[in-house]
Amino acid sequence: MTPSPGLSVTEKETNVWEKKVNAADLPGGSAHRIMAMVVTATDEAGNSGNSAGWKDGGGATAGPDADDTLDFKKLNAGGFLVEVDSRIVAADIKVLPSTDPDNVDDKTESQNPYIQITFSEGNEYGIPADEADDGDADTTEVVHTTADPNIAYTAAIADAKPLAADSHPDVTISSLTLNGEDRLDEVVRVKAGTYVLAVTGLDIGEYEISYVATDDVGNAFDSAEEDEDFTFEVLERQPYEVELQPGWNLISFPGDPFNPAVGAVVGADLKADTVLGYQNGAWVTSVKSEEGRWQGTLVDIQGGYGYWVRTTAIESIETVIPPILPTSNLPTVPVISGWNLLGVVDAEQDDAGATADADEYFTSLPAWRVAYSFETQQNRWMKLLPDGEEANGTQHTVANGKGYWVWSSRPGTLVP
């Protein structure tokens with residue numbers, strides 16, 4: 001912000017003044033920016049005061065200068081911020097669910113993704129909030145520099161959050177196409193500047209979103225003209241992988257496999273020869289014949305149950321698990337009084353090893369008393385107790401890909 005010599009005003013009526021100016025006539029012209037308006041006044045008795053949000057730092061000049069302090073929250077609340085809004089920037093677009101939410105926003109394995117479109121119009125002036133340096137946890141002081149290296153202002157921003165000072169934060173999408181096909185009628189406004197497009201039945205391949213948007217003051221943005229079209233890719237769904245060690249492995253899957261048959265999940269090529277389950281108080285078994293066919297009372301592998309798998313090699317089970325659709329019922333597992341062999345269901349289907357608090361996961365089973373997992377390499381049982389009770393070898397989290405013996409003192413239903 002650059003100090004100005006001030007503006008002359010016209011008295012409209014008693015204690016009311018006005019001034020109409022063109023943006024081009026303001027200090028800095030019509031360049032896109034936000035400015036603070038500081039008003040000082042003196043009454044007939046000689047008492048003087050100024051508008052909220054400005055504190056005279058005792059600089060050399062009579063008016064605002066670089067030694068002053070601007071409190072942007074107070075300026076904003078009092079209506080003393082002046083916007084020169086001359087642009088709209090490209091939207092931030094993400095495809096959800098992403099194959100890597102932390103790093104990649106343009107790849108998905110879902111053929112029914114959500115496209116999230118967010119415009120930064122509500123906080124476009126770049127007033128940040130850095131770490132407070134004055135020991136005041138409620139206020140962050142940031143130095144806002146200008147093109148003039150001799151001019152800088154300290155802005156006090158309450159609650160250490162960026163200031164959203166735009167009085168016209170909304171953006172309207174007037175055109176949106178997906179690979180050239182009009183999808184505007186399917187776009188849903190979530191809030192000012194944020195939209196969602198839900199698409200279904202996409203084939204594996206690459207897609208391009210092109211859009212035209214206009215902000216509240218008439219600035220338009222055409223992504224095609226600005227070379228800012230968004231491209232994303234629908235990938236073939238990758239199999240879920242659970243590692244096996246030589247010996248007995250107590251495992252589970254976060255959802256129902258696309259083809260749940262034991263022969264499809266475990267397959268004939270692995271060195272595994274036996275799969276055991278314990279469901280509704282009874283053992284179910286599947287054994288691989290010399291011809292590689294799986295036979296027995298265990299027919300399908302299901303999410304929510306634990307399974308013992310015996311193998312003689314270090315290898316991995318890889319099976320495709322479809323994403324859980326928003327319209328699908330989440331899986332539940334019946335629990336009997338006594339021992340139950342349960343697995344870890346995860347709607348997000350995070351990789352094997354991802355953990356969750358045991359009490360939170362078993363919250364639908366208030367009667368669970370103890371649980372055990374099994375570490376094959378160490379040939380050791382690991383105990384879990386409710387409420388994080390301490391015990392030798394105790395763990396307090398359940399992990400994707402693992403199975404658990406769980407004791408419940410009464411019947412119930414596991415609702416992950």
If you look at every heavy atom in Arg410 and Pro366, which pair is closest and at what distance?
NH2-CG, 3.8 Å
Will you find, in the side chains of Ser316 and Glu241, an N or O donor that is under 3.5 Å from an N or O acceptor?
yes
Check: Gly201 main-chain N/O paired with Asn112 side-chain donor or acceptor under 3.5 Å:
yes
Is the shortest side-chain heavy-atom distance between Trp405 and Asn340 below 4.5 Å?
no
Got a second to check how far Ser373's OG is from Leu250's CG, nearest 0.5 Å?
7.5 Å
Say you draw a straight line from CD1 of Ile209 to CG of Asp106; how long is it, rounded to the nearest 0.5 Å?
11.0 Å
Can you name the nearest heavy-atom pair linking Ile173 to Val187, along with the distance?
CD1-CG1, 4.3 Å
Between Ile317 and Leu244, is there a side-chain heavy-atom distance shorter than 4.5 Å?
yes
Ring centroid separation for Tyr372 and Trp407, is it under 6.0 angstrom?
no
How long is the span from the OG1 atom in Thr397 to the CE atom in Met382, to the nearest 0.5 Å?
9.0 Å
When you look at CD of Glu243, are more than 12 heavy atoms from neighbouring residues, nucleotides or ligands closer to it than 6.0 Å?
no
Ignoring hydrogens, what is the shortest heavy-atom contact between Leu178 and Val199? Give both atom names and the distance.
CD2-CG1, 4.0 Å
Do Asp346 and Asn400 meet the criterion of a side-chain donor-acceptor pair at a distance under 3.5 Å?
yes
May I ask you to decide if the ring planes of Trp368 and Phe362 are parallel, tilted or perpendicular, using 30° and 60° as cut-offs?
tilted
Under 3.5 Å: donor-acceptor pair, side chain of Thr214, backbone of Thr172
no
Would you confirm whether the ring centroid of Phe374 sits within less than 6.0 angstrom of the ring centroid of Trp308?
yes
Residue set satisfying side-chain contact (heavy atoms from CB on, under 4.5 Å) with Asp182, at least two apart, ordered chain then number -> Leu184
Do Ser286 and Thr274 have side chains that approach each other closer than 4.5 Å (heavy atoms only, starting at C-beta)?
no
Looking only at heavy atoms, the pair that brings Leu298 and Gly277 closest together is CD2-N, 4.4 Å
By the salt bridge (Lys or Arg N to Asp or Glu O under 4.0 Å) test, which pairs, at least two apart or in different chains, include something from residues 221-233?
Lys107-Glu233
dist Leu176:CG -> Glu181:CD (nearest 0.5 Å) comes out at 11.0 Å
Does atom CD (Glu291) have a neighbourhood of more than 12 heavy atoms from anything else shown, all under 6.0 Å?
yes
Taking every non-hydrogen atom, the tightest pair across Ala192 and Asp170:
CA-OD1, 3.4 Å
If you define the side chain from C-beta out and look only at heavy atoms, does anything of Leu414 sit under 4.5 Å from Leu365?
yes
Sorted by first residue and then second, give each ring-ring contact (aromatic ring centres under 6.0 Å, His included) pair with at least one member in residues 251-272; sequence neighbours left out.
none
Has Arg369 got a side-chain atom pairing as donor or acceptor with Ala367's backbone, closer than 3.5 angstrom?
yes
Check whether any side-chain heavy atom of Val398 sits under 4.5 Å from a side-chain heavy atom of Asp357, and report yes or no.
no
Grab the two heavy atoms, one from Ser252 and one from Val242, that are nearest each other, plus how far apart they are.
O-CG2, 3.9 Å
Working to the nearest 0.5 Å, report the span between NZ of Lys288 and OG1 of Thr311.
8.0 Å
Would a 4.5 Å heavy-atom cut-off, applied to side chains only, mark Val406 and Trp339 as touching?
no
Over 60° means perpendicular and under 30° means parallel, so classify the ring planes of Tyr307 and Tyr305, tilted if in between.
perpendicular
Distance from Tyr361 atom OH to Leu384 atom CG, nearest 0.5 Å?
12.0 Å
